Asks: 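Starting off with a structure, shown below.
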2 protein chains.
Amino acid sequence: MDNSKNYQPGLSIDCVIFGFHDNQLKVLLIKTPYENKWSLPGGFIPLDQDIDTAAVTVLNKRTGMEGIFLRQFATFGKVKRNDEHFGKAVLEHFNIPEEAGKWFRQRFVTIGYYALVDFLQAVPQKGNQQEIIEWIDHKEVPELILDHAAILDKALDTLRTELNLMPVGYNLLPEKFTIPELQKLYETILDRKLDRRNFLRKITNIGILNKLDEKKSNVAHKAPNLYTFDKDKYEEVLKSGLNQGW
Amino acid sequence: MDNSKNYQPGLSIDCVIFGFHDNQLKVLLIKTPYENKWSLPGGFIPLDQDIDTAAVTVLNKRTGMEGIFLRQFATFGKVKRNDEHFGKAVLEHFNIPEEAGKWFRQRFVTIGYYALVDFLQAVPQKGNQQEIIEWIDHKEVPELILDHAAILDKALDTLRTELNLMPVGYNLLPEKFTIPELQKLYETILDRKLDRRNFLRKITNIGILNKLDEKKSNVAHKAPNLYTFDKDKYEEVLKSGLNQGW
DNA sequence: GTACATTGCGTCATAATAACACATTATGAT
DNA sequence: ATCATAATGTGTTATTATGACGCAATGTAC
């Protein structure tokens, strides 16, 4: 493959794909052969594709899903983010000849995107047979290659801020969900407990949830009511914003 | 000049430099020879410099100032953002030979930064004798090259959001300022009137302003009190955040 | 002096938030 | 069946934040 003719040079995309399961905020990671470190799913930018499109492509390829919530959050371009040893190791592992390898060993700047997906809908896709791709609790992320740890941190930081500005949580839940589930999600992302009753009032007052005439089945204790997310009302809320401030 | 050896290929930096004067939020723009359109100040990324450093360099060069508030806000990478006609025109204008010009005519992705500067401290610097660089009211921005209008819009949007999350306004004012001045600034950025008395209460309650024992001189009507910004207290506020939301 | 514009401080009604009480529904042990 | 337990659903109250407004003080223009 001759990347130099088909891809934007020195520029890559890395995706922080979040999922929510077992009261854990999980991140989709790929195990690399390099010192057993893990990596964010990423890719390059075809010369005839918008960077956003290239990010969507990565996401499709890795989750098998379409129409996912995806947002660019930052671009990382420290000189030192590139690791000479890592570059060499990758080339050796894939048996890429020195000449073609020059493209891979140039300095790379990477654009960070984060995605919110329904854990149960997403099916992690391997790039090849040997590859290991897994959902990992964000609190137990192993060592990552390059500056991927910093990228992940920044993504989580952005997600927390976004949560205060607009209701994005539903993207991580199935179509029908309960208020307690939504609360657990908020608590997990923000990493602190919230009061049940105040949470209910605040989240329903936003006016983007539809209460269904249906309760969750097969649960211990009292069955909680099911809700769906109202996309039309959400669009309205987006315009006015959640916490105005001024 | 052989850019291909010294600069990151296909990647540029554009800075939206904001200043505040005469109750106007102004943007520093450069007039180009291309159809008399204007441009954001920008630059390329030396291979041995972090992208943030490269942005600081652009800022230093254009304002003569150091230690400026500077923040990356988005990266723009649509395929169509590059304009074939524009690329040719630039090469012809600077008399760049076809071979060396290839570097300029490749696809470019650009990283957007916005800066907040004290209008009176900044001295717009020309890149060369012919160049025209000017502060222009953000409400009267002329036609811009490429997708610079979209970049500017996004910068302003980000500034408005940031204003709700943390007190950044003081960056646009001189060291000593009055509450009415600060309010005018907020009104200009947010594009709506605020109540004097409520503004005073809210802005002082944040606890990052020091009231000086000094009034503004040579003003019509009642002389307003002068304040300074308290950087230590600001750092504390940054950690907790302004509008928590949850 | 008087009219006028602007600043500084205060009041009041309303809305948003935090802390907490209690009844309801379902499970599982006895 | 009864009871303890655990979760959900709804309500109450005190506190705080916000929005709308009144009024005196200060300085300019005439």
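Just so it is clear, the model here is predicted, and its values are computed rather than measured. Chain letters run A, B, ... following the sequence lines, proteins first and then strands; every chain starts at 1.
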Asks: Do you know the tightest heavy-atom contact between Tyr234(B) and Met166(B)?
Replies: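 The answer is OH-SD, 4.1 Å.
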Asks: Which residues, if any, of residues 195-209 of chain A bring a heavy atom under 4.0 Å of DNA chain D?
Replies: Arg196(A), Arg197(A), Leu200(A)
Asks: Residues of residues 212-222 of chain B with any non-hydrogen atom less than 4.0 angstrom from an atom of DNA chain C: list those, numerically ordered, please.
Replies: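 Listed by number, they are His221(B), Lys222(B).
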Asks: Classify the angle between the aromatic ring planes of Trp135(B) and Phe119(B) as parallel (below 30°), tilted (30 to 60°) or perpendicular (above 60°).
Replies: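 Correct class here is tilted.
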Asks: May I ask you to say whether Lys216(A) pairs ionically with Glu181(A), meaning some side-chain N is under 4.0 Å from a carboxylate O?
Replies: yes
Asks: If you take all heavy atoms of Trp38(A) and Pro142(A), which pair is closest and at what distance?
Replies: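 Trp38(A) and Pro142(A) have their closest heavy atoms at CD1-CG, 3.2 Å.
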Asks: For a 4.0 angstrom threshold against heavy atoms of chain B, report the outermost contacting nucleotides of DNA chain D in 5' to 3' order.
Replies: dT18(D) to dT28(D)
Asks: Does the side chain of Thr110(A) come under 3.5 Å of the side chain of Ser12(A) through a donor N or O and an acceptor N or O?
Replies: yes
Asks: Please say which of Lys31(B), Arg62(B), Lys126(B) ends up in a salt bridge (Lys or Arg N to Asp or Glu O under 4.0 Å) with Glu131(B).
Replies: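 The salt bridge (Lys or Arg N to Asp or Glu O under 4.0 Å) with Glu131(B) is passed solely by Arg62(B) among Lys31(B), Arg62(B), Lys126(B).
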Asks: Decide if the gap between the ring center of Phe73(B) and the ring center of Tyr113(B) is smaller than 6.0 angstrom.
Replies: no
Asks: Taking everything shown except Lys78(A) itself, do over 12 heavy atoms lie less than 6.0 Å from its NZ?
Replies: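 Not buried by this count: 12 neighbours or fewer within 6.0 Å.
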Asks: Please find the pair of heavy atoms, one from Pro224(A) and one from Val219(A), that lie closest to each other, and give the distance.
Replies: CD-CG2, 3.9 Å
Asks: Any chance the rings of Phe177(A) and Phe229(A) have centres within less than 6.0 Å?
Replies: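 No, the ring of Phe177(A) stays outside the 6.0 Å limit from the ring of Phe229(A), centre to centre.
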Asks: By nearest nucleotide on DNA chain C, pick out whichever of Ala223(A) and Lys184(B) is the more 5' one.
Replies: Lys184(B)
